[in-house]
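Here the structure comes first, spelled out in structure tokens, and everything after it is commentary.
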Amino acid sequence: MTHDPFTVLGLEPRFDVDLAAAEVRHRELSRALHPDRYQGKPAAERRMALERAIEVNAAWRALRDPVTRAEALLAAGGVELDERAEPKASPALLMEMMELQEELAEVRGKRDAAGLRRLGEALRTRERELCARLAPAFAAARGDAARLRALLPAVGELRYLRRFFEAYAAAEEELAA
Amino acid sequence: MAYSDKVVEHYENPRNVGTLDKNDPAVGTGLVGAPACGDVMRLQIKVDDGGVITDAKFKTFGCGSAIASSSLATEWLKGKTLGEAETIKNTQIVEELNLPPVKIHCSVLAEDAIKSAIADFRSKQAARRALGAEPVAADTAAAHAGK
């Protein structure tokens with residue numbers, strides 16, 4: 001993407017972005033850029049509108065997910081996202097993630113829908129709390145690369161949580177079937 | 001993205017999935033994660049008195065390439081001495097599984113897991129040797145633990 005998702009949607013770059021406002025912007029822009037509106041226009045203009053529409057969709061997707069939202073803020077502040085250079089997670093966090101994944105596999109195996117829901121809710125709460133801590137930290141960093149880099153471990157934790165939610169969604173689907 | 005046949009094969013029939021007793025002094029446990037994607041990998045080795053790895057188990061929560069990398073690693077580890085195990089390089093895993101560039105970090109994770117399992121085993125052994133060399137009276141040990 002050439003532009004960061006906040007710029008694309010015309011929003012202030014902040015971690016606790018107003019997602020409802022972002023969704024409205026996405027809808028407005030998508031409507032304005034709809035191919036129907038460009039019928040009969042020159043090919044170059046049609047192509048540009050299509051490219052913009054794709055960019056707008058990608059921006060909305062990026063903002064909705066806390067991980068990609070954080071990554072956009074890091075990138076805008078000049079923090080390079082190199083997987084080899086990322087700080088390693090603390091052993092305690094890894095242990096916890098391993099145990100949570102094992103617990104998930106267990107409730108999935110037992111087809112324990114209530115247990116699955118409980119686990120999912122606990123992790124959602126945890127993700128919300130982590131995001132609530134990250135929002136003021138991003139604001140305080142004011143785009144400074146060194147201060148943003150200090151947030152990498154927390155962003156890493158968000159990614160471990162996201163991996164968990166992926167497995168969770170698969171388990172949910174399986175139990176619903 | 002298309003996985004290579006070997007990745008799919010390991011993914012569908014992972015070798016040595018499971019757990020060894022992490023409190024067993026003969027067992028070394030490596031727990032590593034990839035912060036860039038959120039994969040977690042646990043790799044355990046059981047080492048006999050001659051320093052030969054007699055068993056290896058893994059559990060990986062992550063993508064197919066991460067599962068295949070750790071599955072392959074446990075296969076390779078069995079029967080190797082610790083010294084030989086240490087020489088396993090992520091590039092060998094990449095080669096064997098035909099991992100594409102975006103999945104190289106999965107092989108790095110497996111190499112890290114091997115190294116950290118060996119390090120864990122060695123530090124356990126060193127701790128035991130230290131205890132053996134300097135027997136600590138039970139009451140002194142209790143007093144230390146209580147501090």
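Every chain is numbered from 1, with letters handed out A, B, ... down the list of sequences. Given the structure is predicted, the values throughout are model-derived calculations rather than measurements.
Chain B forms more heavy-atom pairs under 4.5 Å with one residue of A:Met98, A:Glu166, A:Glu157 than with any other, namely A:Met98.
We find the CE-CG distance between A:Met97 and B:Asp39 to be 13.0 Å, quoted to the nearest 0.5 Å. Taken to the nearest 0.5 Å, the SG atom of B:Cys37 stands 5.0 Å off from the CZ atom of A:Arg163.
If you measure heavy-atom distances from A:Pro153 to chain B, you find no contacts under 4.5 Å at all.
Here the closest non-hydrogen pair linking A:Pro87 and B:Pro35 is O-CG, 3.2 Å.
Residues B:Tyr11 and B:Phe58 share a single hydrophobic cluster, defined by chaining ILVMFWY side chains whose heavy atoms lie under 4.5 Å apart. By the criterion of side-chain heavy atoms lying less than 4.5 angstrom apart, applied directly or through intervening Ile, Leu, Val, Met, Phe, Trp or Tyr residues, B:Val47 is grouped together with B:Leu43 in one hydrophobic cluster.
A:Lys88 is listed as a side-chain neighbour of B:Asp112, based on a closest heavy-atom distance under 4.5 Å.
Other residues, nucleotides and ligands contribute over 12 non-hydrogen atoms within 6.0 Å of the CG atom of B:Asn13. The local environment of NZ in B:Lys89 is crowded, with over 12 non-hydrogen atoms from other residues, nucleotides or ligands closer than 6.0 Å. Within 6.0 Å of atom CG in B:Asp49, 12 or fewer heavy atoms from other residues, nucleotides or ligands are found, so the atom counts as exposed in its surroundings. Counted within 6.0 Å of CD on A:Glu173, heavy atoms from surrounding residues, nucleotides or ligands total 12 or fewer; the atom is thus considered open.
With salt bridges taken as basic N to acidic carboxylate O contacts below 4.0 Å, one links B:Arg42 and A:Glu102.
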